[in-house]
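Report on the following structure.
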Amino acid sequence: MEWGSLQNFIDMGGYGLYVWGSYLVTLFAIAIEIFSLREK
Amino acid sequence: MLELKSVTTTRGYKKLFEDLNFSLEEGEALLVNGVNGSGKTTLLRILCGFSRPDAGEVHWANKDIRALGHDYSRLVNYLGHFDALKGNLTAEENLIASLSVMGIDSDVATIREALRKQDLHSKLSVPVSRLSAGQRKRVALARLRISRERPIWILDEPFVSLDKSSTELLSAALSEHVSNGGFLIYTTHQEIGLDVRPKILTIN
Amino acid sequence: MSSRSLFLAVLLREFKISLTQKTDIATIFFFFLIVASLFPFAVGPDTGSLRTVGPGVVWVAALLSSLLALHRMFEGDFIDGSLEQFLLSGEPLVLIVVSKIFAHWLFTTLPIVILSPFVGMQFGISSEASWIMALTLLIGTPVLSLIGSVGAALTLGVRSGAALTALLILPLYIPVLIFGVGGTVAALQGVETTGHFSILLAFLCLSLALCPLATSAALKIALE
Amino acid sequence: MRFWKYSTPQNFYPAAKKIAAVFFVLALCFGIPGLYIGFFVAPTDHQQGEAYRIIFIHVPAAWMSMFIYVVMAFWAAVGLILNTRLSSMLAQALAPTGALMTFLALWTGAFWGRPTWGTWWVWDARLTSELVLLFLYVGFIALRASIEDPRRADKASAILAIVGVVNVPIIYFSVKWWNTLHQGASVSLTKAPSMASDMLLGMLLMALSFWMYSIAVSMLRVRKIIRDRERNSGWLNN
């Protein structure tokens, strides 16, 4: 699967909002969960 | 024979008692002493089989009461802080209802007789909600009198809010129960003259 | 003490207590009526749209009334110490629980089931379909009481108990709601309803077998 | 038996940190190749274009949400029956992660539904069951939160989890039947795009990664719970 350029990758064939919306929220949720369990 | 075997219980993060060992023979009484909140009620509830100690066991006739289950609880009379009475029923209706569920013979004559003994005969048709705390306690004691063949009596502050004559009446009933070979475990803050010297267990 | 006489003793006791709490039962009864009659104001009075919404509304109203009445099942006996005495009765707690759940259903939810066909007709549901709806409720509401009893026992003595019970129990009501309303809609469309009834009866058997066990375990925990 | 040595919170506390570290690494070992396949190997789908790539986190999250609930109910039951505190702590530790997975499944489902079917929410059988599963998780966590005494909270939530796990399949099939009745199967996630082998591989790797992650984060949370519950029984602060 060749994206050609970073811009195409981010654009994700026009579905960028939905794909990155899902992946970033997942990443964000995981980050919060790990952060909330950090050990002082 | 009722035995406590290295019973340990914590409440939240506080150890109430640790490695408690005690045994009670037939015809013996045990007075549980301790300041408020020291775990007296918790110990009594463990003896009733309501709650389970963190460690250790309670034995009746050398068998763990949790294994005995209903066979043990059928032997216990427990009088806690609550009198188990429905406010809008009369004393008589209350006793008929609760005793019938517990399978204790509860014909009206026995109940009226027990209530009369607690001189509550004038209050038979009055809903319990209109009785005073002392009178409600006497209704609960009337139920104790009806189910008196149960050998193990566990009473949590039975004398509270009782007047002088009722206190004497109850002391006599307790002495009679113990001298007939019954088991009695109770807590109280008042000075009570029982015929038999009770063993003392202090929880600090 | 034979289990039959224990069952009847508890039932008689619940009956006597309910006699003295007639207002409680009346409020639940009228709650059902009021909730059901809110919807015409929301959806509009024409019987066409009411008929499509009708079965769902009646069922949700019955479900909410059953939920509202759940605290009556054990709370009174828990607070005044009767529940402790039951535990010491030496009689199987599961049987006492079954009898109490049956008594609760009989005195609070059965009147609603009896009333439901008339409310159904208010929504333009044909009398024949209304009776089938009443039948789905007759089989479904005991399941609601059985499942609800687990929630009521779990939240005994817990703060904000009523809202918490609803949160715990409503998701478990969904299958009963689906097949209860499904049966009524099928009747409205003149379609075969035996499938729905067999599933509702299956739910009844399953909850009759499992819920009292969970409820008595929860009661023992509450009394620890 | 060596395993029993770890069964008390005191012994398990240090071990949990090691387990967490190992499973975090494993999560990355599966996650990075999974993502690589998802974005750089799997081809564009002829129907849904690039939007289908959300499947690489939607399906693993949905699988984990169901799987964690069953594991949670299992440990809760063990804690109830054997009266072992650590098992109940493990159940308590799993619940938030399970709820998070359910939320992510719903979120990614909505974000996938919008471009593909034009609506943020689809009353599809699996999505609707996920929503109900979220309510079950919230109920479990809320019940625990509103009971002060940790031991009673353990037992009460265990009963709820057991009743819940019996109901999950019933709810799923009722919703499935309800969905097919009202709407027909036209709009449903079950008709996933034809799974080319590398798409499937990507999804399986991501599922394994989510699984490792859930174990690791639950271990951290178990440590947090042990710290909260055992804080003044002395052994913790030396």
Side-chain angles (χ1 to χ4, degrees), chain B residues 9 11 41-42 44-54 65-66 68-90 92-106 127-129 136-137 139-140 143-144 147 150 152-154 156, chain C residues 1-25 72-103 107 156-157 213 216-224:
Chain B
T9 297
R11 182 192 296 151
T41 302
T42 311
L44 262 53
R45 291 181 72 87
I46 288 174
L47 284 168
C48 291
F50 288 146
S51 44
R52 186 183 177 144
D54 285 1
I65 59 168
R66 290 197 74 78
L68 289 169
H70 290 306
D71 301 337
Y72 174 73
S73 48
R74 202 170 278 123
L75 310 173
V76 173
N77 265 332
Y78 173 66
L79 191 58
H81 301 307
F82 307 107
D83 45 31
L85 299 174
K86 293 288 171 194
N88 33 33
L89 293 179
T90 70
E92 194 181 304
E93 285 162 348
N94 260 300
L95 291 190
I96 291 174
S98 64
L99 289 170
S100 62
V101 168
M102 296 174 72
I104 296 165
D105 104 63
S106 56
V128 165
S129 52
R136 289 170 75 112
K137 187 70 133 186
V139 174
R143 178 176 46 222
L144 186 64
S147 60
R150 290 192 170 199
I152 307 168
W153 290 14
I154 301 174
D156 202 346
Chain C
M1 188 175 175
S2 81
S3 46
R4 208 178 57 75
S5 51
L6 175 66
F7 187 89
L8 292 177
V10 174
L11 198 58
L12 189 60
R13 174 179 184 271
E14 291 302 313
F15 178 62
K16 279 188 198 155
I17 295 169
S18 302
L19 280 183
T20 63
Q21 295 168 345
K22 284 197 273 295
T23 48
D24 269 9
I25 295 170
R72 268 174 43 74
M73 216 182 260
F74 302 114
E75 206 164 74
D77 289 340
F78 176 73
I79 289 168
D80 65 31
S82 310
L83 215 51
E84 281 172 353
Q85 300 300 332
F86 286 163
L87 229 58
L88 285 178
S89 68
E91 302 302 330
L93 183 62
V94 180
L95 199 55
I96 296 176
V97 162
V98 168
S99 176
K100 273 187 80 67
I101 295 169
F102 177 69
F107 302 131
L156 267 180
L213 297 175
S216 39
L219 289 177
K220 285 190 181 121
I221 290 167
L223 285 167
E224 243 172 40

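Chain letters run A, B, ... following the sequence lines, proteins first and then strands; every chain starts at 1.
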With only heavy atoms counted, which part of [X] is less than 4.5 Å from chain B, the side chain, the backbone, both or neither?
{"X": "C:Q21", "value": "side chain"}
{"X": "C:I79", "value": "backbone"}
{"X": "C:L93", "value": "backbone"}
{"X": "C:F7", "value": "neither"}

May I ask you to test the C:R13-B:K86 pair for a side-chain heavy-atom distance under 4.5 Å?
yes
Hey, could you give me the [atom1]/[atom2] distance between [X] and [Y], rounded to the nearest 0.5 Å?
{"X": "C:L83", "Y": "B:F50", "atom1": "CG", "atom2": "CZ", "answer": "9.0 Å"}
{"X": "C:L6", "Y": "B:M102", "atom1": "CG", "atom2": "CE", "answer": "11.5 Å"}
{"X": "C:D80", "Y": "B:N94", "atom1": "CG", "atom2": "CG", "answer": "8.5 Å"}

Heaviest contributor of heavy-atom pairs below 4.5 Å to chain C, chosen from B:R150, B:H81, B:R52, is B:R150
Between C:I96, C:D77, C:L8, the one whose heavy-atom pairs under 4.5 Å with chain B are most numerous
C:D77
Tabulate, in ascending numerical order, the residues of residues 216-223 of chain C having at least one heavy atom closer than 4.5 Å to a heavy atom of chain B, or enter 'none'.
C:L223
Between C:L88 and B:C48, the two heavy atoms sitting closest are CD2-O, 3.8 Å
Minimum heavy-atom distance C:S89-B:V101, with the two atoms named
CB-O, 4.4 Å
Under 4.5 Å from any heavy atom of chain C, what part of B:I96 do you find: side chain, backbone, both or neither?
side chain
B:Y78 backbone acceptor or donor facing C:Q85 side chain under 3.5 Å:
yes
